[in-house]
Amino acid sequence: MASVSNLTPLFRRSVVATRSSTSSLRGGASPPLPPFARHPTPTQKLIENNDAVFDDGVSPELALDFDCQHVSRTEGLYSWLAGLSGFVALFQFVKSTDPEGKNPAVNRVMNVVVEAPRVGPPAAAGE
């Protein structure tokens, strides 16, 4: 039969917490360095012609993307218009499904208990 001293770790609630805290004190790999400490600071100024370079102190990169030089202006315009018309088509589709009618909440007109007070000049006696 098992003794009571061998079963006490099973009845404790903090067995997992106790084991994990002791294993975390053993050491291990150091955490990665922050990005600003990975790259050495520049020792000289950038060239004057590099005015489109964005240097945030981590790694200088071009502020303008010149990656797609094979795409012409007309193809870029057509792609932009296609994306814009896709959003317009999605809006029109959602609008055609009558989202106000599917709203389970009551709108402001039906939620008014007392009519709104009259505003403006007082009515004439002859009316």
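Predicted model, so just to flag it, every value in this text is computed and none were measured.
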Assigning hydrophobic clusters by single linkage (Ile, Leu, Val, Met, Phe, Trp, Tyr; side-chain heavy-atom cutoff under 4.5 Å), is Leu84 placed with Leu77? yes
Summary of side-chain hydrogen bond (donor to acceptor under 3.5 Å, both in side chains) pairs that have at least one residue in residues 73-87, sequence neighbours excluded: Ser72-Thr74
Side-chain heavy atoms under 4.5 Å apart, restricted to Ile/Leu/Val/Met/Phe/Trp/Tyr: what other residues fall into the cluster of Val88, or is it alone? none
Between Pro99 and Val94, what is the shortest heavy-atom contact and its length? CD-O, 3.4 Å
